[in-house]
Amino acid sequence: MPDFTSFTPEAILTIMGMAVVTYGMRLGGLLMADRLPQTGRWAHVLERLPGAVLISVWVPSALSAGLIGIIGAAGTLIAMIATRNLFAAMIAGMGLVAAGRYFFGA
């Protein structure tokens, strides 16, 4: 059983480093927000960037889960188009995957 009462110096430095990087990114975003373009092509690209990053993580994950992952992704997409509600879409996709794994052992 691991001993959780003591930390190694490497673990503490790793945690502190991750905290510095995380808050540094947030601070950098706040400081740069006024300098980013508000109109034009680059503004349009920056608006779409979070969705592109999410899709680049979501699609390989769905594909690696096999058929049930693809069905869950399709259900999420259909629910999002139908309801325009992110929470409902997430519940639909997770529900489909959970039901598929429960009933079909996928």
S.K.: Only one of Leu63, Val53, Thr76 clears side chain to side chain contact (heavy atoms under 4.5 Å, CB included) with Trp58; which?
M.R.: Thr76
S.K.: Partners of Ile91 by side-chain contact (heavy atoms from CB on, under 4.5 Å), sequence neighbours excluded?
M.R.: Phe87, Met94
S.K.: With rounding to the nearest 0.5 Å, note down the distance linking CE in Met25 to CG in Leu27.
M.R.: 11.0 Å
S.K.: Would Tyr102 and Phe104 show up in the same hydrophobic cluster when neighbours are defined by side-chain heavy atoms closer than 4.5 Å?
M.R.: yes
S.K.: Calculate, to the nearest 0.5 Å, the distance between atoms CD1 and CZ belonging to Ile68 and Phe103 respectively.
M.R.: 11.0 Å
S.K.: To check you understand the geometry: which heavy-atom pair defines the closest contact between Ala88 and Ala79, and what is its length?
M.R.: O-CB, 4.4 Å
S.K.: Roughly how far, to the nearest 0.5 Å, is CG of Asn85 from CE of Met90?
M.R.: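 Interatomic distance, Met90 CE to Asn85 CG, rounded to 0.5 Å: 10.0 Å.
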S.K.: Would you say Leu30 and Arg26 make side-chain contact, with heavy atoms under 4.5 Å?
M.R.: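 SC-SC contact between Leu30 and Arg26 ruled out.
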S.K.: Is Met18 reachable from Ile12 through a run of hydrophobic residues whose side-chain heavy atoms are each under 4.5 Å from the next?
M.R.: no
S.K.: Work out which heavy atom in Gln38 is nearest to a heavy atom in Ala33; give both atom names and the distance.
M.R.: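 The answer is NE2-O, 3.8 Å.
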S.K.: Taking a hydrophobic cluster as the set of Ile, Leu, Val, Met, Phe, Trp and Tyr residues connected by side-chain heavy atoms closer than 4.5 Å, whether directly or through intermediates, do Ile70 and Val59 fall within one such cluster?
M.R.: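 Per the 4.5 Å side-chain linkage, Ile70 and Val59 are co-clustered.
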